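Encoded as structure tokens, the structure appears first; notes follow it.
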Amino acid sequence: MIDIKLLRTEPEKVIAALARRKEIVDIEGLLKLDTKKRELIYEAEGKKAEQNAVSKQIPQLKKDGKDTTSIFEEMKKLSAEIKKYDDEVREIDVKMNEILYTIPNIPNAEVPDGDTDEDNIEVRRFMEPTKFDFEPLAHWDLGKSLGILDPETAAKVTGARFHIYSGLGARLERAIINFYLDTHTSKGYREIFPPFMVHRDSMVGTGQLPKFEEDAFKVANTDYFLVPTAEVPVTNMHRDEILDGDKLPLKYCAYTACFRAEAGSAGRDTRGLIRQHQFNKVELVKFSKPENSYAELDALIADAEAVLQALKLPYRVVKICIGDLGFTAAMKYDIEVWMPSYNRYVEISSCSNFEDFQARRANIKYKNSPKEKAQFVHTINGSGVAIGRTTAAILENFQNEDGSITVPDILLPYMGGNDVIR
RNA sequence: GGAGAGGUGGUCGAGUGGUCGAAGGCGCAGCAUUGGAAAUGCUGUGAGCGUUUAUUCGCUCCGUGGGUUCAAAUCCCAUCCUCUCCUCCA
């Protein structure tokens, strides 16, 4: 949610920022509604003040045995007028929110220009793309021949874009989850195991709704949605709260399965683990003071990178350009892992600073001392990192000529003595 | 799923139609007291919006949403959540 005050005072700034996103919003119409609303509130408040003043005198008048009939008659009229004003204000509020909730975040000025993901800027690399002295296989072929990935049976049980992991495949997925959680908790992230369903307010709070309802799975006969990311339940833990400034930054990590309808992605990445309706992810979430949020973003990216470094997976970090920047982000970096089957880097983590965009929607504030005025926190989050894509990357980057997979050293304690999957 | 009780400020808790944003306790902050501290005393202590900037005045908020009334924390309806008992169950 953008700041309506910023819209009032510097509309041209907002328009220019949104223009970078190629978003055209009827700011003028919005401001007209805002002006009208404020006029109505001003009128209503005057009448309410009158109503309150008269009401205050009534007990005394009654005590004195005065006749209040004529006063009540007038007050009845006043009451009806107030109601009319309140109704109008409510109507305008609904209209304004319809617009406000669909306006994307103001991008940070540092976000580079560009139209698509091809215009993202590479910031750094870890290792070089894996070289093979044989023809490497894709993870879906490896998974099939090893008997550890089984999309066909998943399709039989559920449908397309689901996977069954079997045997050491399931074990590997679980090992990665545990390794990630252990690593992040050792760095001060508090581990959270949240619900995998959330209600509508939470989805609105973090920005998935109302604009992207077709991307979410709604649970029939309820108002619940399957979580598209742990960001939603974890960020909303503090909805409508004023946090203690001394306790910031709050750092959380959480494993959840993630559910995405993948609307508009039909036919893309149909093979393997890359684009599924359900996938596992460990998410990192921070609540920070505004002045520290970009340092916290950098630190969060470093924490996400650390697990890939420990696994010895080649990756690069890219700074996301304006055309590829998500709806809610002010600034975003992706971590992309080397995927031999794609012969390119593939996103495995997305790390964003939302500044106060989510905090405004979810009403999350902080103050340093009791006397201070509460102000919005900044929220930062990123995958730390996606599990399914990690599994895919391990299968592909650590494959041997005979089709076996060498398990990365760091995962051995989690693999029950299996150092090779064959 | 059935029966009942309840949701009030950071917290506990009073308040069943009017002068209630709301007693009191705890907590917290400031001041006094002290060599320092404890204890004690005094004062203060929610959020948002508008206005003013003299820390002014006004409005809204007692789970949420509607209603009744001149007037609602208080009455009515719906809804969510919590607790107790029963039923069912991993």
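Per chain, numbering begins at 1; letters A, B, ... match sequence-line order. As the structure is a prediction and not an experimental result, all values here were calculated from the model.
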Measure from NZ on K56(A) to C1' on C59(B) and round the result to the nearest Å.
12 Å

For a quick check of understanding: with a heavy-atom distance under 4.0 Å over all strands, which category does A44(A) fall into, base, sugar-phosphate or nothing?
nothing

Please report the distance separating the C1' of G17(B) from the corresponding atom of A22(B), rounded so that it comes out in whole Å.
15 Å

Rounding to a whole Å, what distance do you find between E241(A):CD and U11(B):C1'?
15 Å

C1' atom, C88(B) versus G9(B): distance in rounded Å?
40 Å

F196(A) ring center near F217(A) ring center (under 6.0 Å)
no

Would the base of G18(B) count as contacting K62(A) through its side chain, where contact means a donor and an acceptor less than 3.5 Å apart?
yes

Dot-bracket notation for RNA chain B, counting Watson-Crick and G-U pairs under 3.5 Å, with | for partners on another strand:
((((((((.[[[..)..(.....]]]((((((.......))))))(((((......))))).[[[[[..)....]]]]])))))))....

From CG of D34(A) across to C1' of G50(B) the rounded distance in Å is 12 Å

In whole angstroms, how far is the C1' atom of C70(B) from the NZ atom of K47(A)?
16 Å

note: L78(A), atom CG; A71(B), atom C1'; distance rounded to Å ~ 12 Å

Would you mind reading off the distance between I364(A) atom CD1 and A47(B) atom C1', rounded to a whole angstrom?
16 Å

Verify the distance criterion only: is there a donor paired with an acceptor across the side chains of T206(A) and E231(A) at less than 3.5 Å?
no

Of the options G50(B), G18(B), A71(B), whose atoms approach the side-chain atoms of Q51(A) most closely?
A71(B)

Using the P atom as the reference point in each nucleotide, state the distance between U56(B) and U64(B) in Å, no decimals.
29 Å

Find the distance K48(A):NZ to C57(B):C1' and express it as a whole number of Å.
17 Å

Closest to the R8(A) side chain: G50(B), G67(B), C70(B)?
G50(B)

Mind checking ring-ring contact (aromatic ring centres under 6.0 Å, His included) for H184(A) and listing every partner two or more places apart, or none if nothing turns up?
Y189(A)

Say we look at G13(B) and G63(B): how far apart would their P atoms be, to the nearest angstrom?
15 Å

U60(B), G67(B), C49(B): which one has an atom nearest the side-chain heavy atoms of K373(A)?
C49(B)

What is the distance, rounded to the nearest whole Å, between atom CG of N52(A) and atom C1' of U19(B)?
12 Å

Between G50(B), A71(B), C59(B), which nucleotide has the shortest distance from any of its atoms to the side chain of K5(A)?
G50(B)

